[in-house]
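Below you'll find the structure, written out as structure tokens, and then a few comments.
In what follows, every chain begins at residue 1, and chains take the letters A, B, ... in the order their sequences are listed. These values consider heavy atoms only, across backbone and side chains, with no hydrogens, waters or symmetry-generated copies.
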Amino acid sequence: MTVRRTVLSLMSRVSLAVAVSAVVVGAGGCEKKDPKGGGAGGASEVRVGHYASMTGPEATFGRSTDEGIRLAIKEINDAGGVKVGETTRRVTLVTDDTESQSTKAGDVVRKLIDVNKVHAVLGEVASSISLEGAPVCQEAGIPMITPSSTNTRVTERGDYIFRVCFIDPFQGFAGAKFAVDELKVKKVALLVDTASAYSQQLADEFAKAFVGMGGEVVSRVEYQKGEKEFNARLTKIREASPEAIYLPGYYTDIANIAIQARQLGIRVPIIGGDGWDSEELAKNAGDAIENCFYTNHYAPDDPSPEIQEFVRAYRAAYNGKTPDGLAALGYDAARVLIAALERAGTTDGSALRDAIAATKDFPGVTGRITLDRNRNAVKPIVVLERKGGAWIFRAKIEDPSAGR
Amino acid sequence: MDQFLQAIQNSITTGSLYALIALGYTMVYGILKFINFSHSDVVVIGALFSTVLALTLLEKLGLQQAPWWLGGVVLAGAMALCATVSFLVERLAYRPLRQAPRLNCLITAIGVSLFLQNTGNQKFLFGTQPRKIPALVPDAEPLFMIGKVPFRLIDFIIVGTAVVLMVALDRLVFKSAMGRAMRAVSFDHKTASLMGINVDRVISMTFVLGACLAAAGGFLYALRYQTVTQPADTTWALLGLKAFVSAVVGGIGNIRGAVLGALIIASIENFGAAYLFSGLTDAYVFAVLIGMLLLRPGGILGSAAVEKV
């Protein structure tokens with residue numbers, strides 16, 4: 001009898017727990033769903049999926065990109081919609097969260113394609129996550145444009161995978177060129193995130209270019225995304241007495257590393273890549289990132305009219321917030337996709353793929369976008385410098401392979 | 001030389017953090033003979049709740065600079081919450097399984113861990129954004145330097161708090177009536193209960209003590225590393241795992257062993273990063289675990305001669 005009572009009470013507890021978690025999960029699920037997305041309503045709209053790190057240590061990447069994409073889609077819908085063949089259709093966006101984890105990407109993208117029935121996919125920012133989402137799009141024959149994954153392997157996942165940003169061999173080269181030409185350093189140390197495809201390739205390409213320009217890599221130290229303790233590694237770097245540190249990683253880790261480096265008395269410049277591009281970096285690192293530089297897709301203080309117009313529109317849409325590079329790339333990726341839809345005249349996957357591949361001299365905020373035969377964009381790089389508590393434009397570097 | 005001194009200094013600081021967490025694993029194992037996998041989630045609650053509490057208190061009091069006593073208040077708050085959570089977990093999840101096979105407890109512990117992580121991730125609790133704890137101690141400049149190695153106030157606070165708590169625990173276990181009851185229950189549940197010891201109460205007490213230390217560990221971790229990530233972040237699982245490895249290396253079930261193990265694991269990590277290939281620090285830790293399990297499965301202090309808790 002007592003045994004039975006225990007079992008019963010246990011069962012009631014379990015079912016209560018299940019019910020509670022079902023409600024919690026259900027509530028979470030509803031929030032994310034776009035009321036117009038999914039299900040019927042088919043021919044009258046174009047559905048675009050966006051998988052992004054809306055939460056977690058890379059959350060500003062996802063949120064900025066999503067805001068950029070939404071701005072582009074709002075503009076096209078306000079103008080009546082996108083003209084696909086004979087019909088003019090509205091564009092709806094379905095965003096889903098990868099929580100900054102590459103292991104979530106496959107499921108999220110599959111859900112966008114199978115459940116929300118999207119016609120094209122945008123995302124991710126982090127290359128390691130894009131590498132997991134891309135094969136799903138490729139297999140389903142749904143074109144995917146990553147706004148900002150710079151690792152070369154992402155577009156090598158298949159002929160449905162595109163990007164509107166430069167790739168890491170060039171970004172690494174640009175970092176090295178900047179270090180040699182502008183900062184006049186000869187000895188650097190590398191600090192690399194081994195859990196990130198992006199960080200590893202960028203470090204390798206930087207080292208190759210830097211050594212090619214006559215520099216020397218005095219130390220290469222590794223860490224893993226999410227680690228918090230860098231004192232031992234940084235001491236090792238300090239002992240090698242480099243003139244600069246190359247630190248290609250993502251902003252949450254960078255803040256910790258910069259703080260600990262400065263505490264250890266390492267005052268040399270730290271150079272990074274576009275993974276630094278987040279307002280959270282300065283918020284978390286404070287003064288520690290003074291005398292730091294990073295290579296990026298665009299500079300919001302660039303006076304060119306295309307950029308200033310975009311900055312104005314973005315600020316108006318998002319309470320005066322200044323768009324970062326990822327927002328600009330999200331905006332560009334969405335507009336490249338919309339332009340391709342108009343040229344293709346259909347939402348059919350293979351026709352849309354061919355139209356995206358034919359993108360040539362598209363006037364993007366982050367530069368003119370032409371996709372090469374490897375489905376990558378070739379664009380110049382800007383270098384931003386942290387000075388007096390603000391990121392300011394420092395240099396622009398052209399891709400030596402442009403026009404080839 | 002600087003590098004060596006720096007590695008020692010780091011090992012002591014991180015070792016203190018691991019020790020605070022490892023004690024919770026080892027105490028529960030000593031009494032119930034099962035590994036409480038949800039312990040690392042109590043650490044997370046400690047870290048995140050102290051961050052939220054510190055931010056709220058500063059805002060409510062309208063202060064820019066934290067007064068000296070605020071850290072103590074935050075720590076006490078975090079301990080109270082973690083103790084409550086841990087007490088409830090034991091009462092609701094583990095106690096009904098007291099007579100069940102040990103595997104059932106183990107699997108339940110994993111379930112509790114996932115439940116705490118995913119509940120903590122919800123928007124109405126901690127959410128998934130990384131948070132930054134305000135500076136509760138003045139930390140702009142190091143107190144003093146030896147060579148190029150800075151010694152900072154926060155490091156002394158971490159080590160000091162850990163030492164005080166661990167000495168208090170040691171006194172409690174080896175000198176008080178409650179401690180005697182805990183040791184008795186650890187030897188033999190049935191006999192202890194025949195001697196008039198309330199076994200359930202002793203077990204609850206063990207969980208509460210472990211949770212208080214975990215809360216302190218989480219709080220000090222947040223103070224040192226400043227940014228605190230979401231409950232389901234894998235960083236926390238790894239932190240818990242390292243503390244658990246410390247407990248095993250020191251001799252699981254043995255309180256002083258856990259502290260020793262924590263210092264050893266922290267040294268392996270820090271010296272590994274300083275002198276060996278720095279990308280493999282986690283691998284060194286787990287290689288030591290495997291070696292220990294092969295050569296001396298009971299851990300360093302795990303022999304029968306030492307009294308277990």
Side-chain angles (χ1 to χ4, degrees), chain A residues 3 6-7 9-10 13-14 17 20-21 24-25 27-28 31 53-60 97 99-101 103 191-195 219-239 251-253 255-256 259-260 263-266 280 283-285 287, chain B residues 1-7 9-11 13-14 17 92-93 96-97 99 111 114-115 118-119 121-124 127-130 132 139-142 145 148-150 152 221 224-230 232-236 238-239 266 269-275 277-282:
Chain A
V3 172
T6 323
V7 171
S9 72
L10 196 66
R13 264 176 224 157
V14 170
V20 167
S21 46
V24 170
V25 170
E31 224 164 41
S53 301
M54 302 300 282
T55 57
E58 286 136 35
T60 69
D97 185 9
E99 300 172 25
S100 308
Q101 295 175 29
T103 46
L191 187 49
V192 189
D193 174 6
T194 53
S219 175
R220 180 191 167 108
V221 176
E222 300 186 329
Y223 69 97
Q224 284 202 9
K225 171 179 156 179
E227 276 192 81
K228 300 278 194 277
E229 175 63 59
F230 298 100
N231 277 336
R233 295 177 173 85
L234 289 166
T235 310
K236 199 172 185 176
I237 286 180
R238 193 186 58 197
E239 298 296 302
Y251 62 89
T252 302
D253 295 328
N256 281 322
I259 292 170
Q260 293 182 29
Q263 279 170 354
L264 286 173
I266 300 175
E280 293 285 319
K283 222 185 270 174
N284 290 333
D287 290 343
Chain B
M1 189 59 209
D2 285 338
Q3 202 171 356
F4 186 76
L5 188 60
Q6 182 76 53
Q9 190 223 48
N10 283 342
S11 306
T13 321
T14 43
L17 290 175
L92 299 176
L97 296 173
Q99 307 305 329
L114 290 174
F115 177 78
N118 290 298
T119 317
N121 259 11
Q122 297 304 314
K123 270 207 194 92
F124 57 87
T128 49
Q129 305 301 341
K132 188 175 190 201
D139 196 35
E141 292 298 320
M145 309 273 287
K148 280 184 188 163
V149 181
R152 293 158 52 218
Y221 184 91
R224 181 165 161 97
Y225 301 117
Q226 301 181 7
T227 33
V228 188
T229 48
Q230 67 190 72
D233 192 9
T234 44
T235 322
W236 296 114
L238 198 61
L239 178 69
E269 258 193 320
N270 282 298
F271 280 91
Y275 292 103
F277 189 58
S278 52
L280 288 178
T281 46
D282 294 343

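Taking A/Leu264, A/Thr194, A/Asp193 one by one and counting their heavy-atom pairs under 4.5 Å with chain B, the maximum is reached by A/Leu264.
Only the side chain of A/Ile259 comes within contact range of chain B, judged by heavy atoms closer than 4.5 Å. Contact of B/Ala273 with chain A is made through backbone and side chain together, with heavy-atom distances under 4.5 Å. Contact annotation for B/Thr227: both backbone and side-chain heavy atoms come within less than 4.5 Å of a heavy atom of chain A. In this structure, the portions of B/Asn270 lying under 4.5 Å from any heavy atom of chain A include both its backbone and its side chain. Of the two parts of B/Lys148, the backbone and the side chain both hold a non-hydrogen atom closer than 4.5 Å to a non-hydrogen atom of chain A. For a residue to count as touching a neighbouring chain, one of its non-hydrogen atoms must lie under 4.5 Å from one of that chain's; by this rule B/Tyr275 touches chain A with the backbone only. Using a 4.5 Å cut-off between heavy atoms, B/Pro150 touches chain A through its side chain atoms alone. Contact annotation for A/Asn256: only side-chain heavy atoms (C-beta onward) come within less than 4.5 Å of a heavy atom of chain B. Using a 4.5 Å cut-off between heavy atoms, A/Gln263 contacts chain B through both its backbone and its side chain. At a 4.5 Å heavy-atom cutoff, A/Lys225 makes no contact with chain B through either its backbone or its side chain.
When every heavy atom of B/Asn10 is checked against every heavy atom of A/Ala232, the shortest pair comes out as ND2-N, 3.3 Å. Between A/Gly56 and B/Pro130, the closest heavy-atom pair is O-CD, 3.5 Å.
A heavy-atom distance below 4.5 Å is found between the side chains of B/Gln6 and A/Asn231. With a 4.5 Å cut-off on side-chain heavy atoms, B/Thr13 and A/Glu229 do not count as touching. Counting heavy atoms from C-beta on, the side chains of B/Thr14 and A/Lys228 never come closer than 4.5 Å. Taking 4.5 Å as the limit, some side-chain heavy atom of B/Gln230 sits within range of a side-chain heavy atom of A/Pro57. Residues B/Thr281 and A/Glu227 meet the side-chain proximity criterion, which asks for heavy atoms closer than 4.5 Å.
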Between B/Asp2 and A/Glu239, does a side-chain contact (heavy atoms from CB on, under 4.5 Å) hold up when you go through it step by step?
CA-CA 8 Å; B/Asp2 285 338; A/Glu239 298 296 302; 3.8 Å; yes
Apply side-chain contact (heavy atoms from CB on, under 4.5 Å) to A/Gln224 and B/Leu238, showing your working.
CA-CA 12 Å; A/Gln224 284 202 9; B/Leu238 198 61; 5.9 Å; no
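The structure places CD of A/Gln260 at 6.5 Å from OH of B/Tyr225, a figure rounded to the nearest 0.5 Å. To the nearest 0.5 Å, the span separating CG on B/Asp233 from CD on A/Gln101 amounts to 7.0 Å.
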